[in-house]
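Notes follow the structure.
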Amino acid sequence: MPTSQPLAHKDASLFKQVLKAYETKQYKKGLKTCEQILKKNPNHGETMAMKGLIINALGRTEEAFAIAKDAVKQDMRSHVVWHVYGLLYRSEKMYDKAIGAYKMALRFEPESAQILRDLALLQIQMRDYHGYIETRKTIMQQRPQLRQNWTALAIGHHLVGDYANAEKVLSKFEDTIQGNVHKWDFEHWETCLYKNRIIGESGDTERALEHLNSIAKNTLDKTALYETRAEYLLKLGRMEEAQKAYQLLLDRNPERRAYYAGLEKAMGIDPSNRKAAKPIYDEYAEKYERCDAARRIPLDFLEGDDFKAAADSYLRAKLNKGVPSTFANIKALYADPAKREIIFSLVNSYNEEQEKEEPAETNGDGPKASQFRIWTLYFLAQHYDHYRTRDMTKALEYLEKAIKLAPKTLELYMTEARVYKHAGDLQTAMEKMDTARKLDKSDRYINTKTAKYQLRNDRNDDAIATMGLFTRNDVNPNPLTDLIEMQCIWYLTESAESHFRQKQLGLTLKRYATLLKIFDDWAEDQFDFHSFSLRKGQIRAYVDMLKWEDSLRSHPFYTRAALGAIEAYIYLFDHPTTSGEPELDKLSEADRKKYLKKQKRDETKAKEAAAAKAAKEKEERNKNASASDDTVKKEDTDPLGVELAKTKTPLEEAKKWLDPLVKMSGDTNARVQLIAIEVERRRQKWLLALKALKKAKEIDPQAEGIWEATVRLRKDVSALPTDAPSLSTDSRTLFEEELLPLLAPTADLAALTTDYENTHSGSPAHLREAARVRKVLGLEGFEDALMKSVKVEKAGWKDGVEAVRVAREVGVEERKVKEVAGGRWGRVAAFK
Amino acid sequence: MDIRPLTPYDLPGIQNTNITNLPENYFLKYYLYHYASWPSLSFLAVDVATNKTVGYVLAKMEEEPSDGIPHGHITSLSVMRTHRRLGLAEKLMRQSQKAMVEAWGAKYVSLHVRVSNTAALRLYRDTLGFDVEKVEEKYYADGEDAYSMRRDLSFLIEPEEEEEEAEGKKKKKKAKKTKKEGDEQEEDVDIDGDEPEKLKTKEEGKLKTYKLGRQLGVSDLQEVDGRA
Ligand SMILES: CC(C)(COP(=O)(O)OP(=O)(O)OC[C@H]1O[C@@H](n2cnc3c(N)ncnc32)[C@H](O)[C@@H]1OP(=O)(O)O)[C@@H](O)C(=O)NCCC(=O)NCCS
């Protein structure tokens with residue numbers, strides 16, 4: 001139904017101009033025209049709505065909503081008014097509300113293609129599949145001649161698992177095609193493959209294979225075609241054909257592991273005795289001179305002399321060619337002690353051979369050292385840097401020798417840096433990496449590594465300066481801004497962790513907030529593709545993108561950032577502060593003043609930079625004044641995160657990270673559940689904490705931290721008064737019932753702690769945990785447990801650092817821990 | 001090392017490898033745009049021991065080739081220094097080239113490379129057979145020149161395909177036309193108020209406008225310059 005407020009002819013044509021102006025982003029002109037109409041028709045709802053829309057585009061969101069609301073009041077039955085209301089909600093990403101508004105608009109204009117399409121976009125964005133199917137059905141009925149309308153409907157059915165209907169819809173459109181389809185009709189052939197996937201997923205492999213064969217000739221994505229066929233054949237047990245299919249794939253890409261695995265399966269190779277597979281690999285190695293996989297994979301399953309012979313020729317070839325990454329490529333074999341020994345003795349023998357041939361003294365004037373010579377030495381150095389075979393002195397010796405022969409070889413210094421890092425000497429590590437960087441200033445990789453080592457050493461200013469050597473400083477004078485725009489996850493994460501080590505909570509939280517936003521942006525990024533992909537016709541990619549978006553936060557990048565952010569918020573909760581910087585409370589009055597002054601200065605500087613940037617952008621925009629791009633960019637008012645650190649609700653902030661983390665990784669990662677316990681315990685959500693505890697135990701009963709969590713939870717709840725609001729009587733009974741089994745065989749916490757310590761007497765992390773538990777329970781022996789944690793064989797320098805931290809927490813003299821740790825890891829600055 | 005086609009799950013790892021190795025970078029949406037448009041053209045190398053991405057090639061088809069000839073373009077290629085000289089870049093490139101021909105009918109592939117990048121130059125010219133087309137002055141943001149290179153891909157076209165090609169030319173035009181109509185009907189008016197950030201970059205003496213920023217619509221992304 002149209003508007004209840006028709007305009008006079010002249011005004012109606014003005015209104016058309018408004019629409020045009022909006023579409024072409026001439027906002028100022030559009031606004032003027034709106035005012036012109038409103039002068040004569042002050043209560044004209046649709047004009048008001050358009051005015052709101054334009055004002056929103058100019059960045060004045062609140063005002064826009066107020067106007068749009070008014071507009072709705074003026075003209076309740078106009079679809080335009082409701083549509084605009086929906087668009088405003090959509091621009092604020094309030095998708096549920098937007099859906100509601102669109103549905104209202106459709107009540108008055110059920111046939112509007114534009115609104116239907118907009119509604120469908122939101123429904124798929126919100127994963128309202130059933131709503132999407134309904135909307136898409138209407139759209140398809142309106143325009144059945146358009147293929148993508150059918151495809152979209154099929155996608156809806158597919159996503160709810162209704163394979164039959166999905167297939168039916170696709171077939172129906174196919175039936176309408178007359179004549180031959182062109183070879184390069186991308187959309188058509190892609191849709192055929194999509195249909196095949198649907199048939200395959202429905203479980204009818206036989207028919208799927210048949211269908212695949214029927215479209216094979218014209219399918220454009222050959223890789224997908226051959227891969228799918230091989231999988232089907234394997235599934236159907238048609239082994240001979242499957243073999244051929246995998247051979248075909250290997251001839252196309254002999255570096256793909258999955259194809260070899262498929263071929264082995266098709267040939268009936270026993271996975272526990274893969275020796276019989278050797279001829280397969282020999283064949284491809286011979287056929288493809290530059291193929292690595294066929295040579296490398298057999299090393300995984302060969303044993304003894306066979307292994308030795310294969311390893312010998314593999315290593316010689318790589319070292320002769322001078323491949324720096326040789327060690328990286330074989331180090332996975334080090335998990336097997338026998339193979340480790342063979343590899344070492346082989347490379348060691350190469351070295352000895354060459355040493356014999358070498359003239360007694362090489363002053364650099366002799367014949368140039370061969371690639372083989374240098375990379376053999378390099379290999380040995382890496383061998384001695386590997387955690388299973390670590391010997392720092394030897395590693396450095398080999399590197400030194402190699403550097404003498406080839407002083408310009410960057411990799412040698414890079415590895416030196418790593419050796420120092422592994423010894424805990426972060427300062428020297430950083431310096432060595434910088435030496436390597438200077439050898440090739442055009443290589444961003446080495447530049448990146450240097451910045452990373454600087455961050456590990458908490459040299460934040462140096463790190464950003466290093467990064468600045470490769471950021472786009474023409475666009476963003478501040479390298480950090482560029483890194484944020486380019487979503488440089490690794491830098492932000494390392495930076496956050498570094499600031500947290502220094503207990504600079506503001507900057508820590510600032511970095512994490514930026515990271516959180518990047519993941520939100522990634523989720524948001526899919527929006528445009530709901531229409532774009534249908535137009536492009538790349539349907540399988542689109543469906544895969546949707547699935548990926550749904551599990552975005554299962555990525556290790558998210559897990560690491562989330563664990564760090566939550567830890568920081570927990571710290572903030574445990575160390576309440578008014579200044580926003582907990583460490584400040586410990587400083588003397590004078591130092592505190594000094595610190596605050598510096599902070600003020602930094603803040604002013606950062607704010608000025610942000611303002612300068614905003615100004616510059618504005619200037620740029622004005623220069624490009626083709627369209628009136630007057631959208632305001634919000635300036636960062638809290639560049640140092642001071643406000644973030646003042647939060648009154650740190651646990652609720654932590655929850656923003658925690659909920660997706662638990663949803664995505666909570667079933668497989670015990671650490672995730674353990675940190676959930678810490679949050680829920682502090683929120684006094686006892687049953688949630690208990691649930692997480694049980695889950696953690698299910699995932700990994702031996703995980704460090706489970707015992708401590710159990711004890712703390714038990715203690716916390718026992719200490720609650722009977723009328724505590726956070727735990728009703730019923731819940732308490734339930735809690736006790738569920739917790740008790742975790743305390744079996746006795747509920748004697750002291751005895752259980754001793755047991756626990758004995759069971760894990762070789763593990764530094766468990767020993768630290770035992771120390772903390774003893775402290776919590778008021779038991780003796782916490783100092784012994786802690787000291788032991790730095791003495792056991794398995795401990796590394798990082799365990800020493802952790803032990804110092806725990807010493808502070810449980811009230812052991814730091815000096816004592818540092819003494820032992822310093823004796824063992826003399827290069828670590830923190831023990832000095 | 002494993003070499004395989006891209007999936008969306010790989011995008012963050014590729015972005016990370018890109019920013020670790022090269023000065024030209026993009027927000028994730030731009031990688032997503034490549035994936036959503038030409039999913040079969042990009043590949044990555046994964047270290048099977050750590051399951052980390054150690055190399056990738058990000059490729060596209062030229063959307064509106066000025067010469068009217070369908071061809072591919074390498075947007076970005078890099079390999080982590082710890083995994084170089086294993087042959088990964090070469091193999092990634094070969095996979096991508098094959099897909100360009102098979103799935104998109106590319107006749108040649110083009111790319112840009114810094115004139116100072118000897119490793120990449122040797123790879124392209126000596127190993128893969130690219131030729132230098134021309135020098136583009138001050139192509140990169142820091143003022144360095146680029147070689148514009150290309151490789152004819154007809155050596156990858158199977159003979160039988162060529163025949164069909166000739167015979168199918170006419171029909172193709174027609175097919176395209178009907179598709180266009182559909183496009184226009186479906187094309188949404190950009191009504192969500194997204195505002196492109198504009199930025200002027202100097203190229204070949206004249207000012208050229210690039211749009212940057214992940215708040216852009218996908219169609220705007222096509223104008224972001226793909227520099228390898
Ligand atoms: C360029 C780059 C991608 C090469 O990757 P790679 O996996 O090491 O290359 P490959 O092992 O596949 O090398 C194939 C061939 O390229 C040539 N090549 C590669 N690196 C070389 C180097 N450092 N010096 C000389 N030639 C080199 C060789 O001819 C080599 O064949 P060979 O090993 O049989 O001698 C890699 O060095 C890199 O990522 N550099 C930084 C990013 C970059 O510059 N990207 C290209 C932007 S256009």
Side-chain angles (χ1 to χ4, degrees), chain A residues 23 56-57 87 90-91 117 146 148 182-185 220-224 253 255-257 290 292 323-325 328-329 331-332 442-446 448 470 472 474-475 485-490 521-522 525 528-529 531-533 535-536 538 541-542 544-545 548 555 557 620-621 624 629 631, chain B residues 1-5 7-9 12 15-16 19-23 25-29 32 35-37 39-40 48-49 80-87 91 95 98-99 102-103 105 116 141 164 168 171-172 175 179 182-183 185-186 188-189 191-193 195 197-200 209 214 217-218:
Chain A
E23 277 162 21
N56 187 54
L87 289 171
R90 174 176 140 179
S91 80
R117 273 203 305 270
L146 212 58
Q148 51 182 271
H182 188 264
K183 181 173 187 309
W184 293 114
D185 188 338
L220 296 170
D221 185 349
K222 297 287 186 218
T223 305
N253 178 6
E255 299 294 341
R256 178 93 210 250
R257 301 290 172 124
R290 291 172 82 86
D292 181 68
V323 177
S325 42
N329 209 16
K331 72 177 173 202
S442 68
D443 185 32
R444 191 174 192 175
Y445 179 87
I446 192 68
T448 303
F470 277 88
R472 288 206 51 180
D474 55 334
V475 189
E485 270 175 25
M486 292 304 127
Q487 304 172 333
C488 187
I489 301 262
W490 82 260
D521 286 346
W522 287 359
D525 281 347
D528 289 344
F529 292 94
S531 48
F532 177 85
S533 286
R535 234 164 25 228
K536 278 264 169 182
Q538 294 297 324
Y542 172 61
D544 285 342
M545 181 204 78
W548 164 65
H555 198 282
F557 288 169
E620 283 296 329
R621 271 198 305 273
N624 292 293
D629 291 344
T631 6
Chain B
M1 303 315 127
D2 192 17
I3 291 190
R4 55 175 178 78
T7 75
Y9 298 86
Q15 185 185 42
N16 178 57
I19 203 163
T20 300
N21 287 311
L22 282 167
N25 297 279
Y26 317 95
F27 33 85
L28 198 88
K29 195 173 179 184
L32 194 51
Y35 174 72
S37 307
S40 60
V48 285
M80 294 291 200
R81 187 153 190 135
T82 44
H83 291 73
R84 288 184 196 162
R85 298 312 292 269
L86 275 172
K91 287 158 186 165
Q95 290 299 316
K98 198 203 304 266
E102 283 177 353
S116 68
E164 285 174 32
K171 269 188 247 156
K172 184 176 175 183
K179 206 176 162 213
D183 273 4
Q185 282 155 352
E186 181 72 358
D188 281 348
V189 182
I191 196 166
D192 59 3
E195 280 294 86
E197 239 181 273
K198 287 207 179 104
L199 152 90
K200 285 182 176 175
T209 304
R214 57 158 290 284
V218 196

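Excluded from the calculations below are hydrogen atoms, water molecules and symmetry mates; all remaining heavy atoms, backbone and side chain alike, are included. Proteins come first, then strands; the chains are lettered A, B, ... in the order of their sequence lines, and each starts at number 1.
With chain A as the partner, the residue from B:Asn16, B:Asn25, B:Val48, B:Ile19 showing the most heavy-atom pairs under 4.5 Å is B:Ile19. Contacts with chain B were tallied for A:Asp292, A:Ile489, A:Asn253, A:Ile446; A:Asn253 has the most, counting heavy-atom pairs under 4.5 Å. Ranking A:Thr223, A:Asp221, A:Thr448 against chain B, the residue ahead of the rest is A:Thr448, based on heavy-atom pairs under 4.5 Å. Of the listed residues B:His83, B:Gln95, B:Arg85, the one with more heavy-atom pairs under 4.5 angstrom with chain A than any other is B:Gln95.
The minimum heavy-atom distance linking B:Ile3 with A:Arg256 is given by the pair O-CD, 3.3 Å. For the residue pair B:Pro8 and A:Asp544, the shortest heavy atom distance occurs at CG-O, 3.6 Å.
Taking the salt bridge (charged side-chain N to carboxylate O under 4.0 Å, His left out) definition, one finds that A:Asp443 meets it with B:Arg81, B:Arg84, sequence neighbours left out.
Contacts of B:Ala36 with chain A are made by both backbone and side-chain atoms, with heavy-atom separations under 4.5 Å. Using a 4.5 Å cut-off between heavy atoms, A:Phe557 contacts chain B through its side chain alone, with no backbone atom that close. Residue contact with chain B, scored on non-hydrogen atoms closer than 4.5 Å, is absent for A:Ser442.
Side-chain contact between A:Phe532 and B:Leu32: absent, with no pair of heavy atoms (C-beta onward) separated by less than 4.5 Å.
A:Gln487 contributes a side-chain N or O that, together with a main-chain N or O of B:Leu28, makes up a donor-acceptor pair within less than 3.5 Å. Formation of a donor-acceptor pair under 3.5 Å by the A:Arg444 side chain with backbone atoms of B:Leu22 is found in this model.
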